[in-house]
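From a predicted model like this one, the values you see are computed outputs, not experimental measurements.
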Amino acid sequence: LKAFDKELGQGKAQPYEWEERVESLTQFAAQRAQAFKPGDWQGDEALALALLCGRAEMHAAAAEAYRVYLRGGARGRQADNARGGLIQALIESEQLDEAEKLLNGWPEGAKEGAALRAMRVELHKEAAVRLRDRGLYERAGALAREGYDTADAIDFSGGAAGLQDQVLG
């Protein structure tokens with residue numbers, strides 16, 4: 001994609017071509033990812049496979065790779081990001097029961113910043129919309145409420161500088 005940026009700057013490419021290039025990257029990632037099994041990887045390689053599968057829109061395989069990564073003892077911000085990736089993959093692959101369970105059981109971190117809270121809010125929203133679309137209104141409402149409460153806990157009192165400190169952590 002760096003080549004695209006260069007071509008765009010030189011006038012050899014047009015911004016509307018971005019979608020086409022991204023689609024070809026997605027197809028390439030899918031071809032590559034199909035050769036790998038999440039159980040054969042561990043640590044950062046499992047995380048890289050999860051990201052590759054996600055890029056390839058192979059959400060069930062991405063979820064399995066995230067599970068492998070998290071079982072390996074990931075901690076801190078990396079674990080939180082991987083947990084968010086797992087929930088996103090579960091939502092995308094319509095495994096809403098497990099996504100809801102993970103959202104409801106998200107461990108509260110003492111140093112949870114605004115960026116992580118914003119990710120959690122987005123995941124709650126996406127899961128709630130999917131549940132609503134299935135006609136599961138009570139569960140959707142409960143997840144939406146939890147997402148609202150998560151958003152409400154973001155401290156905006158420090159203005160932009162305070163929020164930047166929270167995000168950067």
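Going from atom OH of Y66 over to atom CG of L90 covers 11.0 Å, rounded to the nearest 0.5 Å. Distance check: Q95 CD to K101 NZ gives 12.5 Å after rounding to the nearest 0.5 Å. Note that CD1 of I91 is 5.5 Å distant from CD of E126, once rounded to the nearest 0.5 Å.
Legend: residues meeting side chain to side chain contact (heavy atoms under 4.5 Å, CB included) with A144, ordered by chain and number and at least two apart, are A128. In this structure K125 satisfies the salt bridge (Lys or Arg N to Asp or Glu O under 4.0 Å) test together with E122, sequence neighbours excluded. Looking at residues two or more places apart in sequence or on another chain, you find no side-chain hydrogen bond (donor to acceptor under 3.5 Å, both in side chains) involving N81. A search for salt bridge (Lys or Arg N to Asp or Glu O under 4.0 Å) contacts involving R75 returns nothing, not counting sequence neighbours. Partners of R145 by salt bridge (Lys or Arg N to Asp or Glu O under 4.0 Å), not counting sequence neighbours, listed by chain and number: D149. By the side chain to side chain contact (heavy atoms under 4.5 Å, CB included) test, Q10 pairs with K6, K12, sequence neighbours left out. With sequence neighbours left out, R130 forms a salt bridge (Lys or Arg N to Asp or Glu O under 4.0 Å) with E92, E94.
Here the closest non-hydrogen pair linking Y137 and R132 is CE2-O, 3.6 Å. Residues A127 and L103 come closest through the heavy atom pair CB-CD1, 3.9 Å. Between W106 and G84 the shortest heavy-atom distance is CH2-N, 3.8 Å.
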With a 3.5 Å cut-off and sequence neighbours excluded, list the donor-acceptor pairs that the side chains of residues 38-50 form with protein atoms.
| from | atom 1 | to | atom 2 | distance (Å) |
| --- | --- | --- | --- | --- |
| W41 | NE1 | K37 | O | 3.4 |

Could you list the donor-acceptor pairs under 3.5 angstrom formed by side chains in residues 53-60, with sequence neighbours left out?
| from | atom 1 | to | atom 2 | distance (Å) |
| --- | --- | --- | --- | --- |
| R55 | NH2 | T26 | OG1 | 3.0 |

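With respect to D80 and R77, no salt bridge is recorded, no charged nitrogen being found less than 4.0 Å from a carboxylate O. For the pair R139 and E146, the salt-bridge criterion is not met [side-chain N within less than 4.0 Å of a carboxylate O].
Criterion: ILVMFWY side-chain heavy atoms under 4.5 Å apart, direct or through other members. Under it, Y69 and L102 are part of a common hydrophobic cluster. L136 is connected to L96 through a chain of hydrophobic side-chain contacts under 4.5 Å among Ile, Leu, Val, Met, Phe, Trp and Tyr, so both are in one cluster. L143 and L116 fall within the same hydrophobic cluster, defined by Ile, Leu, Val, Met, Phe, Trp and Tyr side-chain heavy atoms under 4.5 Å apart, directly or through other members.
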Please determine whether salt bridge (charged side-chain N to carboxylate O under 4.0 Å, His left out) holds for the pair E64 and R67, giving the CA-CA distance in whole Å, both sets of side-chain angles, and the decisive distance to 0.1 Å.
CA-CA 5 Å; E64 185 55 36; R67 285 187 195 102; 3.2 Å; yes
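A donor-acceptor pair under 3.5 Å links the side-chain atoms of N104 to the main chain of E100, judged by distance alone.
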